[in-house]
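Numbering of ligands and ligand atoms starts at 1, following listing order. Computed from a predicted model, the values in this text were never measured in an experiment. Note: hydrogens, waters and symmetry copies are ignored here, and every other heavy atom, side chains too, is used.
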Amino acid sequence: MTPNQSGLTQSGLILGIESSCDETAAAIVRRGTETLSNVIASQIATHSPYGGVVHELASREHLRNIVPVVRAAMAEAGIQYRDLDAIAVTAGPGLAGALLVGISYAKSLAFALGKPLIAVNHLEGHIHAVLLELAQLAANSDLDPLALPALALVVSGGHTHLYLARRHGESWTYRNVGRTVDDAAGEAFDKVAKLLGLGYPGGPWIDALAPHGNPSAVPFSFAQIKAKVHRRGDPSAVDPASSTLFSFSGIKTAVLRYTQTHEMAASIEARRAAQAANPTITGALAQCDQQTLDLIASFQRAVIDDLRRKTFRAAEQLGAASLLVSGGVAANRELRVRFTAEAADHGLPIAFPSPALSTDNAAMIAAAAWPKFLANDFAPPTLSAEPSLTLGR
Ligand code: KG4
Ligand code: ZN
């Protein structure tokens with residue numbers, strides 16, 4: 001291994017590898033700002049019949065895809081392995097077996113090439129998806145740099161977290177200031193889509209169908225969660241991660257109860273059967289009556305409004321100078337419109353990744369690795385998967 005001495009004498013080419021859930025991804029990013037390639041092999045078709053990620057199948061698919069995906073990323077970037085300065089890989093959080101495929105491959109490659117290995121937290125990766133694109137924009141315009149501290153909402157299938165992000169020179173620190181107490185927001189999208197007989201993953205289906213319904217038709221409410229979670233051993237200090245709490249398991253149950261009291265089972269089963277044979281959003285739209293479309297629109301509006309209210313309240317309380325929203329659910333069109341409008345009302349700059357970088361990808365992993373490369377923050381050869389890895393204090 002040849003640790004970086006200055007970082008500035010290097011060409012800054014990092015290969016990022018991501019395999020934490022159901023996408024096998026590899027990307028080459030130069031100096032955390034310039035994406036040379038970003039290749040993703042999706043496993044949607046594999047997991048679709050089950051309506052969720054089947055862990056063993058995910059590991060098997062990662063094993064099948066990892067070599068061709070990395071080769072494609074190298075070829076697309078037009079570089080040789082010897083040109084790389086480091087190899088970065090997602091160490092967690094995620095599915096243990098899935099993470100291990102990426103980690104084992106990255107470790108072997110780093111060892112064989114004599115290049116440093118960098119471990120990246122998937123959640124930090126999602127934040128860097130936004131920072132990467134902001135840096136790309138700034139390089140091509142006179143855009144102001146991101147105002148700090150930034151409040152980052154990471155909202156995906158596995159996470160609904162708020163972080164206050166600060167920069168110290170080249171490195172970043174995060175304070176965890178909010179989390180879900182049960183399901184993640186993306187999980188609610190996936191479970192509601194599944195119970196309504198729509199495709200997998202549910203977010204894009206609900207996103208596409210919601211504009212056809214009335215978002216005020218079904219009033220869903222979110223109970224205020226007042227749990228006081230204390231730091232272990234210090235009953236007087238409230239855990240900062242509990243200052244904003246989300247909960248999305250109740251709304252899924254409320255949607256289920258609505259379908260039961262309104263006797264929607266037969267139409268749901270008909271749609272499920274039709275979608276199993278030929279899953280398309282246009283087909284699903286034709287197979288949804290107005291009551292179902294109103295239910296979908298009301299569900300989406302309720303989730304987004306809850307995320308929006310709590311995020312902007314936290315931003316105000318914490319004195320955040322800007323907002324970042326990232327993770328799969330950040331691809332949602334209504335979320336972007338409503339967050340953008342509220343940010344304008346508050347005079348807060350807000351940034352989202354492009355839809356392609358909202359969901360899991362490896363460019364965000366390679367970008368998050370760049371400050372670590374500059375700080376010589378390399379992973380030991382004993383690096384292993386950390387399925388429950390957390391980010392920040
Ligand atoms: O970040 P991601 O690819 O993987 C995780 O780290 O979880 O996020 C996947 C999640 C899924 O729950 C998916 O339904 C949701 O993001 N998602 C969306 C949209 N696109 C993906 N949710 C709402 N609207 C979307 N357009
Ligand atoms: Zn993710």
Side-chain angles (χ1 to χ4, degrees), residues 16-25 38 40-44 47-48 51-53 55 58 62 90-95 98-99 102 120-130 152-161 163 180 183-196 198-211 246 248-249 251-252 279 281 284 296-297 299-308 324-339 352-365 367-368 387-389 391:
I17 296 178
E18 153 66 36
S19 70
S20 65
C21 190
D22 58 349
E23 324 273 7
T24 320
N38 187 24
I40 303 175
S42 166
Q43 301 180 6
I44 287 180
H47 302 291
S48 208
V53 179
H55 298 195
H62 285 307
T90 304
L95 306 174
L99 286 164
V120 175
N121 184 313
H122 181 82
L123 297 164
E124 186 175 11
H126 274 303
I127 294 172
H128 277 264
V130 187
L153 170 65
V154 180
V155 60
S156 70
H159 308 279
T160 305
H161 281 110
Y163 298 99
T180 176
D183 290 355
E187 202 175 343
F189 273 89
D190 296 341
K191 287 177 175 172
V192 164
K194 187 175 180 182
L195 77 86
L196 292 177
L198 301 171
Y200 161 84
W205 295 74
I206 290 180
D207 187 345
L209 296 174
F246 298 99
F248 295 106
S249 71
I251 191 162
K252 169 206 65 191
I281 284 176
I296 290 169
F299 160 78
Q300 177 169 287
R301 174 64 57 87
V303 171
I304 289 169
D305 274 353
D306 186 64
L307 288 168
R308 181 181 55 78
L324 306 181
V325 188
S326 192
V329 181
N332 187 276
R333 289 171 300 171
E334 187 180 350
L335 180 146
R336 286 176 181 237
V337 169
R338 292 182 76 77
F339 268 69
F352 305 89
S354 60
L357 285 202
S358 296
T359 48
D360 290 349
N361 64 87
M364 68 185 197
I365 302 302
S388 308
L389 189 63
L391 178 65

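Here H122 meets the criterion, with an N, O or S atom under 2.8 Å of the Zn ion (ligand 2). Among the backbone and side-chain atoms of H159, none of the N, O or S atoms lies under 2.8 Å from the Zn ion (ligand 2).
Nearest protein heavy-atom contact of atom 14 (O) of ligand 1 is D190 OD1, 2.6 Å. Nearest protein heavy-atom contact of atom 22 (N) of ligand 1 is G203 CA, 3.3 Å.
Contacts of N332 with ligand 1, taken as heavy-atom pairs under 4.0 Å, involve both backbone and side chain. Looking at H126 against ligand 1, only its side chain comes within 4.0 Å, counting heavy atoms. Contacts of H122 with ligand 1, taken as heavy-atom pairs under 4.0 Å, involve the side chain alone.
Looking at G186 next to ligand 1, an N or O pair under 3.5 Å apart turns up.
The heavy atom nearest to atom 2 (P) of ligand 1, considering only N361, D360, V53, is found in D360. Here the shortest heavy-atom distance to atom 17 (N) of ligand 1, taken over G328, A331, A184, belongs to G328.
Within the structure, ligand 1 has P204 among the residues with a heavy atom less than 4.0 angstrom away.
Checking H62 against T24 by side-chain atom types alone, a donor-acceptor pair falls below 3.5 Å.
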